[in-house]
2 protein chains.
Amino acid sequence: MKSPARRKTQQRAAIHKAIERADRPVGPQEILSAAQADVPALGIATVYRNLRRLVADGILRVVELPGAPSRYELAGKEHHHHFHCRACDRVFEVDDCPGSIADLTPTGFRLEAHDITLYGRCRDCAGEGS
Amino acid sequence: MKSPARRKTQQRAAIHKAIERADRPVGPQEILSAAQADVPALGIATVYRNLRRLVADGILRVVELPGAPSRYELAGKEHHHHFHCRACDRVFEVDDCPGSIADLTPTGFRLEAHDITLYGRCRDCAGEGS
DNA sequence: TTGGATGCAAACGCTTTGCATAATT
DNA sequence: AATTATGCAAAGCGTTTGCATCCAA
């Protein structure tokens, strides 16, 4: 029924590898650039299509950021949030999570999920600029 | 120097009024529809231009939502967060805020701001559907 | 009259889709 | 041979901009 693919899996593998190597949520364009190191002819449409499939398959998770295009990270990590550096635009994982989120929910509302995004400067950028 | 305008301020006033009446963060399209009740010829470009100006003037605040187009609310409110209803797509204010956010910040990172978005079903939608 | 604001349409950036081709089973 | 994936280009969607016109002072 399903045997290990070869050529056609090239792009999916390259895309997966690009995200894995980044070790932080990355966007389609960045993934394209990185994956083109392995598959030069790779097109952006294929990146989007594979991202969607990888997310549907539970291999990747979409990181939706306020006011910015979505990024992608490996799924299977425990619950965490993100820090968006305003200087270099990179996004980092934040392991902890305040457990008190449910307390914020207005009466009568049903809470299903939550996102927390921190903004500021990452370690690399904290010294430079202002 | 500045006298009370008339015709030309119509659109800005209509836009402001639309947001005020909504009493929750609303998007450009919804603002356009509502404001066209006062100014039928109003165009979407004018809405965007006025929104930008109103934000720059500190009258409005942009509510950036993960994976969704930005909405606008009256500025001047105290610090709060938002609840995004997955059923009706409306966004509501959440007054409280866990004060422990700073604790999440990784070492060496400089925290400047944070966003918290809750997802689920609002009071109106909590009963319907699933 | 002079500058700013408006409406329309074109332009943009990001994402999705149509379609013919190429790779896989 | 049948199916699925790819690349390219075109289409979509939300937002911005160019430009001629209109309004206000």
Side-chain angles (χ1 to χ4, degrees), chain A residues 1-19 25-57 59-72 84 89 91, chain B residues 1-19 25-57 59-73 84 89-91:
Chain A
M1 229 72 273
K2 57 98 195 298
S3 47
R6 313 261 175 71
R7 290 282 85 71
K8 233 11 169 340
T9 317
Q10 243 181 227
Q11 7 277 89
R12 186 178 328 204
I15 289 167
H16 186 280
K17 184 164 70 169
I19 297 168
V26 282
Q29 215 60 53
E30 190 176 348
I31 294 168
L32 175 65
S33 303
Q36 281 181 332
D38 293 315
V39 186
L42 183 63
I44 189 66
T46 299
V47 171
Y48 277 106
R49 278 188 285 236
N50 275 284
L51 287 176
R52 209 184 322 153
R53 201 165 321 164
L54 288 163
V55 169
D57 291 349
I59 297 173
L60 295 183
R61 177 188 296 123
V62 185
V63 178
E64 295 182 325
L65 303 159
S70 297
R71 312 216 179 173
Y72 299 80
H84 192 167
D89 195 44
V91 171
Chain B
M1 232 68 276
K2 57 96 196 301
S3 48
R6 313 264 175 69
R7 292 281 85 73
K8 231 13 169 337
T9 316
Q10 243 181 229
Q11 9 276 91
R12 187 174 331 204
I15 290 166
H16 187 280
K17 184 164 71 169
I19 297 167
V26 282
Q29 214 60 53
E30 190 175 349
I31 294 167
L32 174 66
S33 302
Q36 281 181 332
D38 295 314
V39 186
L42 183 63
I44 189 65
T46 300
V47 172
Y48 277 106
R49 277 189 285 240
N50 275 285
L51 288 176
R52 211 186 318 156
R53 201 166 320 165
L54 289 164
V55 169
D57 291 349
I59 297 172
L60 296 183
R61 176 188 297 123
V62 186
V63 178
E64 295 183 326
L65 302 160
S70 297
R71 314 219 178 169
Y72 299 80
E73 64 182 7
H84 191 166
D89 196 43
R90 287 183 299 177
V91 171

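Each chain gets a letter, A, B and so on, in the order its sequence line appears, and its residues count up from 1.
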Heavy-atom side-chain contact between A/D89 and A/H84 under 4.5 Å: yes
Interatomic distance where CG belongs to B/N50 and C1' belongs to C/dG4 [whole Å]: 12 Å
B/Q11 vs C/dG7: side-chain N/O to OP1/OP2 distance below 4.0 Å: yes
Nearest-Å distance for atom pair OH/P, residues B/Y48 and D/dT17: 13 Å
Shortest non-hydrogen contact between A/A35 and A/A18, atoms and distance: N-CB, 4.1 Å
CD1 on A/I59 to CZ on A/R61, rounded to 0.5 Å: 13.0 Å
A/R53 or A/A45, whichever maps to the more 5' nucleotide of DNA chain D: A/R53
Separation of D/dG14 C1' from B/Q29 CD (nearest whole Å): 9 Å
Distance below 4.0 Å between A/R52 side-chain N/O and C/dT17 OP1 or OP2: yes
Residue mapping more 5' on DNA chain C - nearest nucleotide basis, B/V39 or A/P28: B/V39
For atom CZ of A/R49 and atom C1' of D/dA9, their distance in whole Å: 12 Å
Nucleotide C/dG7, atom C1' - distance to CD of B/Q36 in whole Å: 12 Å
Whole angstrom value for the distance that separates C1' of C/dC14 from OH of A/Y72: 10 Å
Worked verdict on B/V63 versus B/Y72 for side-chain contact (heavy atoms from CB on, under 4.5 Å): CA-CA 6 Å; B/V63 178; B/Y72 299 80; over 6 Å; no
Separation of atom CD1 in A/I44 from atom C1' in C/dT17, rounded to whole Å: 14 Å
Spacing between A/R71 atom CZ and C/dC14 atom P, to the nearest angstrom: 11 Å
